[in-house]
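These notes are about the structure you will find just below.
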2 protein chains.
Amino acid sequence: MRKEKLTRREKEKRRQRQDMLTASLELFSEKGYHNVSMQEIAEHAEFALGTLYKFFKNKEDLYTSLIMEHAKKFHDKLMQSMDDGDDEIEKLRNYVRTKGEIFVNDVSVIRLYFAESQGASFNIKAGLDKEILEDCEKHLQKLAQIFASGMKRKRFRQIADPYHLAVALDSLTTTFLLLWLEKPEQHPYPEDPDGILNILFQGLIHP
Amino acid sequence: MRKEKLTRREKEKRRQRQDMLTASLELFSEKGYHNVSMQEIAEHAEFALGTLYKFFKNKEDLYTSLIMEHAKKFHDKLMQSMDDGDDEIEKLRNYVRTKGEIFVNDVSVIRLYFAESQGASFNIKAGLDKEILEDCEKHLQKLAQIFASGMKRKRFRQIADPYHLAVALDSLTTTFLLLWLEKPEQHPYPEDPDGILNILFQGLIHP
DNA sequence: ATTTTAGAACAATACGTCACATTGTCAAGC
DNA sequence: GCTTGACAATGTGACGTATTGTTCTAAAAT
């Protein structure tokens, strides 16, 4: 009984927190970190300013929480995606496909992250980067492993350092997905979501 | 006589303007747009606050001038670089080499542009983008032409849409150069500045 | 005489706090 | 079991404080 009450309260708290986060996401991604006031966020989330500060001790805290929670989620998904598939090629395709899904489903976070996270709040970036870059590094390492393994098994030609290939793949997919999201009409993304892989694969896969 | 005086005055003005721009570049690239006050810039440039406002009507004006002037310069250099060289491959190599030089010689602007320009001042971005993106587009078009021409002359295989290849090349070089500038020790950039081209060229060049 | 300087003044904005109001909880009494 | 009322927890929004962009003026410098 006692416990049930408590968890109900907890649930409510979580919901409120979520509301605040999504409200702030909308505003941040539209107007940028410095052009959104806490007051504005509070109003948009339909809370009072003080309540916002009950949940997040800072504007910075709110912002980093917002970014970090999504970043963690994305990172997990991407790491998982590379486990599915027996073949190296399949793993890579899964990776690209999952990344594509993330970009499409969470446009606002993605846009915020790539447009804002790098710079909006210069000081904050440093703090975020420490955690995110670590994940990003793991992520690239895993990609590199796949490339390396493919080379060892002679399915891939040794056209470049595996880590460089990982960076290349990451960079290419990010760029094209962003391009695709921003102006889909002008320069259509290759029909196949992972068509970009061909640019790398053409030279990479053993004939 | 009269004219001489005027031009001397003009020269002095230009020099002052330059001092202000370089001072603000140093501060902006180090601390970010919003964390630098006009007062600070004035002091660092060794002028009075009012003088700064004689040259730039706004903080925004100062910032955009700073970015735009460098961007124009870079754009011109890059466009030129693609004219040198008879061969398509040579042209591409020249492009990558020039881009590398720009990144190394003007680290602070580059860092500012990539870390800050996109986001620091969300509103400003829109204004900048209109002009810069136009140039960037021309720039990609020209790259695409080179790829297309190479394909027509059967020196390149038709592994992908020329424009996509252009985007890919641009993205790859930017990413690697930034990576290289930030942490040159950890994941060394391929010795050859344009070694990155190999990732594309392996599949691209006709055997 | 024109320009630069130093700094004061002004207005706007926004972060973060705090005393107060509101809501919800829970136990005792009807 | 239902009502009630006191107490705790939580939400509220006006306010203090600080910063900063921008303008303006009087004195100093060129």
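Every chain is numbered from 1 and lettered A, B, ... according to where its sequence line falls, protein lines coming before strand lines.
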Under the rule for side-chain contact (heavy atoms from CB on, under 4.5 Å), what residues qualify as partners of [X], not counting sequence neighbours?
| X | result |
| --- | --- |
| B/S171 | A/S171, A/L172, A/T175, B/T175 |
| A/R14 | none |
| A/Q18 | A/L21, A/T22, A/E69 |
| A/T51 | A/M20, A/F47, A/A48, A/F55 |

Qualifying salt bridge (Lys or Arg N to Asp or Glu O under 4.0 Å) pairs, either residue in residues 44-54 of chain A, two or more places apart: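 Found none.
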Grab the [atom1]-[atom2] distance between [X] and [N] for me, whole Å please.
| X | N | atom1 | atom2 | answer |
| --- | --- | --- | --- | --- |
| A/E12 | D/dA9 | CD | P | 18 Å |
| B/L27 | D/dT20 | CG | C1' | 15 Å |
| A/Y53 | C/dA19 | OH | P | 18 Å |
| A/I41 | C/dC15 | CD1 | C1' | 11 Å |
| B/E10 | C/dT3 | CD | C1' | 15 Å |
| A/L62 | C/dA14 | CG | P | 15 Å |
| A/L52 | D/dG13 | CG | C1' | 13 Å |
| A/E43 | D/dT12 | CD | P | 12 Å |

Who passes ring-ring contact (aromatic ring centres under 6.0 Å, His included) against B/H139, sequence neighbours left out?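 B/H139 satisfies ring-ring contact (aromatic ring centres under 6.0 Å, His included) with B/Y95 only.
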Is any side-chain N or O of A/N58 closer than 4.0 Å to OP1 or OP2 of C/dC15?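 Result: no.
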Return a single string for nucleotides 4-9 of chain C, one symbol per nucleotide in 5' to 3' order, where B is base contact, S is sugar-phosphate-only contact and - is none, cutoff 4.0 angstrom on heavy atoms. BBB---
Please tabulate, one pair per line, all N/O donor-acceptor pairs under 3.5 Å involving side-chain atoms of residues 78-87 of chain B, not counting sequence neighbours.
unit_1, atom_1, unit_2, atom_2, d
B/S81, OG, B/L78, O, 2.6
B/D83, OD1, B/K142, NZ, 2.9
B/D87, OD1, B/I89, N, 2.9

Please give me the minimum heavy-atom distance between B/L143 and B/L92, naming the atom from each residue.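 Nearest heavy atoms, B/L143 then B/L92: CD2-CD2, 3.6 Å.
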Return the angle between end axes of the helix from C/dA1-D/dT30 to C/dC30-D/dG1, with five pairs used per end and rounding to 10°.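 One end axis against the other gives 10°.
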Name all residues meeting the side-chain hydrogen bond (donor to acceptor under 3.5 Å, both in side chains) criterion together with B/E90; count only those two or more places apart in sequence or in a different chain, and write none if there are none.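 None.
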Polar side-chain atom of B/H75 near backbone of B/D135 as donor-acceptor pair, under 3.5 Å: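 Indeed, once roles are kept as given, a pair shorter than 3.5 Å links the two residues.
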Results of salt bridge (charged side-chain N to carboxylate O under 4.0 Å, His left out) for A/D19 - residues two or more places apart only: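 For A/D19, the residues satisfying salt bridge (charged side-chain N to carboxylate O under 4.0 Å, His left out) (neighbours in sequence not counted) are A/R15.
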Could I get a table of every N or O pair under 3.5 Å where one atom is in the protein and the other is in nucleotides 26-29 of chain D?
none

